[in-house]
Every structure is written in C-alpha cells, then in structure tokens.
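One structure is given here, and the rest of the page talks about it.
Whatever order the structure lists ligands and atoms in, that order sets their numbers, starting from 1.
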Amino acid sequence: MDEKIKTLAEPFRIKMVEPIRMTTRAYREEALLQAGYNPFLLVSDDVFIDLLTDSGTGAMSQSQWAGMMMGDESYAGARSWIKLEQVVRELTGMPHVLPTHQGRAAERILYGLLGGTDRIFLSNTHFDTTRANIEFTGATALDLMPEEALDPETWMPFKGNIDLDKLETQLAHYGSERVAAVILTVTNNSSGGQPVSMANARAVRALCDRYGVMMVIDGCRIAENAYFIRMREDGFQDKSYHDIAREMLELGDAFIMSAKKDGMVNMGGLLCMKDKELSVKCINQLIISEGFATYGGLSGRDMEAMAIGLQEVFDPDYLHYRIRSTAYLGEKLREKGIPVIWPIGGHAVYIDAKKLFPAIPVDQYPGQVLVCELYKIGGIRCVEVGSMMFGKYDEQGKLIPASQELVRLAIPRRVYTQSHIDFVLEVFDFILELRDRKSGYRITYEPAFLRHFTARLEPHPGGG
Ligand SMILES: *Cc1c(COP(=O)(O)O)cnc(C)c1O
C-alpha cells in the first residue's frame, strides 16, 4: 500500500449485500417505548446501524462460506472437527480442545467445576457472562485494575493489564485454598477493549506459579491484542501476530474463547486446557449439556468456518484495518469533544457518559440516556456498560453504582464501511446539543442475573 495515502480503505470488496432501512424519528420513539427503553429488546429491522456488539455479528469471507459447503456433519470424529482441533492446538499449544456453542458455555463448564461457595476468582476485569457464571456457583469475582487505568483520559499502552500488586495481595491473602483461578481477559472487554501486555501476562504466570493457582486466559480477542503488542511492546516488531498470540496463550493453563469475536464466525466457542484430568471432567459436562466431544453443540460447517476464521484473523491487512478503523471512529469523536476512553481499544469505542451528561444522576443511568438518544436520532443501537450492566443494590435497596458509566459502540468485523461510520459521527453532533440534560431513566423490571439483557425502563419522572 502506498504509505502517502491516508484514507483507510477496507481491505475487501462486497460480493453480497444486506439491505438496511432508515425509519422515521416518530417510528423509533414508539419502537423504543415498546422495547422498555432497552435496545436489547428492539427488533433488528428497526435498527439502521447496529453497534450493539461485535459478537457473532461479523461478515464471513468467501473462504469461510466455501468452507461451510465442506462441513462434515458426522456425529463423531468429523473431518471439520479434526481440522479445527489442529488449528486451535497450533494457536494455543494446549492439547485438550473442546468445542462449545459459544464462550459462555465454556465458562459455565469450567467455572462450574472450579467455582462454588467460598471460591474466589481474580481478574483484570470479569466480562459480564464470566462474572454471572462465577457468581451463579456462589463464588466471588474480584476485578483488579490499576487505579491509573480507571482514569479514562490517561494514555497507557496496555490499559487492560491486571494490577500485579493487587493480584499478589489477594493471592497472599486467600491462597490456593480459596482462589479458584486468575482470569486474564485479553483484550479487556469491559474496561474499554484495552490490550494486555506480554509482560503483564508473564508476570501473572509467575504469580500463579508462586501461589499454585490456575491461570485462565479469556482470549476472545487474542488477535486484536497481538496487534497492540506488536505495535507497542518492545521485542515483538519482528514477530507475526499468530506467534505473539501463541506466546501469550502458552502462558495459560486454560483458554476460553468466544469464537464470535476473533474466531470470525457467527456462532462458536472453545475451551482449551493443558491438564488432562480437568479436561475429562469438562468433557463430561460438555456431553451432558452441549454435545459430544467432537462437536460440542456446533455443526460441522460451523467448525469448518471457525477453523478458517482463526487463521484469517491474523492476516496483517485485516488486523491493521480492524484496529485502525475502530480508532478512526474514536479519534473523530474525541475531536468533536465527546469524552471517550483513551486510548481507543480494539473492538469498540467507549464513551464516558457521566462526563458527557454531568447533570444526570448516576442512579438515572446517564449511559442509558446516550444509548436511547443515539437510537432516536440516528437509528444506531449500542449498549450501556455502567450501572445498568454492573450496578448492585445495598441492603436498603439503594443502587451501588458501577465504577464507570460507559457506553460501548462495538464494531462488527468486516461489516460497515467508512461512510456508515461517518454517519454515526454526524449523529453525535446532535448528541452534543443535549449535554445539559438533567434526568434519565428508572428500571421498572429486572431479573436477578444479567439484568441489562431483559430489564425494562421508563423515563425518570424528574423530566425527560
Ligand atoms: C463475549 C465474551 C464472552 C462470552 O462469550 P459468548 O460467546 O458471548 O457467550 C466471554 N468473555 C469475553 C471477554 C467476551 O468478550
């Protein structure tokens, strides 16, 4: 590519199109009301640009679609499974590979076995399904982020790192009798999609060895993380993205992946580990709820596409486009004066809604206000990652807010073009006019776990 040209053109062209539809503002207001002001309850036909998640929303390549035709649907020992297992072993260096229908199935199996009352999990940040699967067993999940990484403004090359001092304190305090595992989430999804350095992962390995605790890598975005390592960490400039990913995964005792992210497929997950005994227990669980050990809830064609996706994701042109196009949105928003988590992470742009709407109280969910306004103005769907998602209640029923009130604009892989993103940027010009809003929403219904998926809200009676 000519280095003088600055426009980041997508490294693909489009062979099949999926129409999307713009509705009227009145239509969207009614749709939002019907959905209880929760975008998870909107129907996708009513969404123009869907930035709800990068999970399973990507476009597959021509090779993956061709691979679908080659899928072997045999119940046991399918060719597609053998291929996937080989690709995953080459990536992870782990001998025991279990296919699952998505990441949380792998989480339920592993953390169901490791968890239980009195058990403690330590992580840079537990992703929401990770935390839910851990807490469901009665165990406790502690997030150990460095204080400086919680400041949305500070530029840090590896803002997703776990705080090693905090980790050592907890390990020393609880020891291997209580600590079930250390989970390194790579990249750190819930904390801005920020990368984790190899040095941090090595140090976690050393601490886990010292205290005799298992190290799990939740590596849904291991390829995106490898891009950041190559760009930002000394000693990796001459290594391939695949080798960097492998080097990190080899540090872990187990690897959990939602293949709906860097697996570049619409459905699928993986659970990998080094320990044979543990793998036997996991396979028993897999067979009870997911399927036999050589398909785990996936069709042969799904496994074929995943095997191809796990190779394509390390293509340097793809990864460059992926990380730079996300940064394009984030950098332009910042230029407009929208407070974004800085630097921009790999798969999403996170907006600091507390700073954007300083007059809206935290217990009226400023992030949800931004989410709803983006939909009303532009038909854009995204998700709150703040007190709606992570808030808890004290004994008096008062909200214990999350540490940050963020909104995530997640970018599906290979789906939207730069003009879609320019449209989103223009919608934010109208958001800026709402900065002195004073009221938000209150919850009218919520379930016990993962409430943000199904909760219903209404505008707070304070105004709106
Ligand atoms: C998406 C995700 C999961 C859960 O995977 P699903 O495929 O959605 O079940 C777990 N951890 C992280 C970091 C994720 O991003």
Can you tell me if CD on E148 sees more than 12 non-hydrogen neighbours from other groups inside 6.0 Å? yes
Between D72 and S80: side-chain donor-acceptor atoms closer than 3.5 Å: no
Any nitrogen or oxygen of [X] lying under 3.5 Å from a nitrogen or oxygen in ligand 1? Just yes or no.
| X | value |
| --- | --- |
| T185 | no |
| A105 | no |
| T187 | no |
| Q102 | yes |

What's the shortest distance from [atom] to any protein heavy atom, and which residue and atom give it?
| atom | result |
| --- | --- |
| atom 10 (C) of ligand 1 | E107 OE2, 3.2 Å |
| atom 7 (O) of ligand 1 | S258 OG, 2.6 Å |
| atom 8 (O) of ligand 1 | R104 NH2, 3.0 Å |

Is the Lys NZ or Arg CZ of R414 less than 6.0 Å from the centre of F12's six-membered ring, within 45° of the axis? no
Cation-pi geometry met for K261 and F127 (6.0 Å, 45°): yes
Heavy atoms only: which of [options] is nearest to [atom]?
| atom | options | result |
| --- | --- | --- |
| atom 2 (C) of ligand 1 | H101, R108, K261 | K261 |
| atom 11 (N) of ligand 1 | N133, T129, D218, N189 | D218 |
| atom 12 (C) of ligand 1 | A106, C220, A259 | C220 |

Tell me, do Y393 and I400 make a side-chain contact under 4.5 Å, heavy atoms counted?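 Contact flag for Y393/I400 side chains = no.
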Would you say D253 and M273 make side-chain contact, with heavy atoms under 4.5 Å? no
A student checking ligand 1 against K260 at a 4.0 Å heavy-atom cut-off should list atoms 7 (O)
Near G103 (heavy-atom distance under 4.0 Å), the atoms of ligand 1 are 5 (O), 6 (P), 7 (O), 9 (O)
Taking F314's backbone N and O only, do any of them form a donor-acceptor pair with Q311's side chain (distance below 3.5 Å, no angle check)? no
Answer yes when R413 and E224 have at least one side-chain N-carboxylate O distance shorter than 4.0 Å, and no when they do not.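 Result for this pair is yes, salt bridge flagged.
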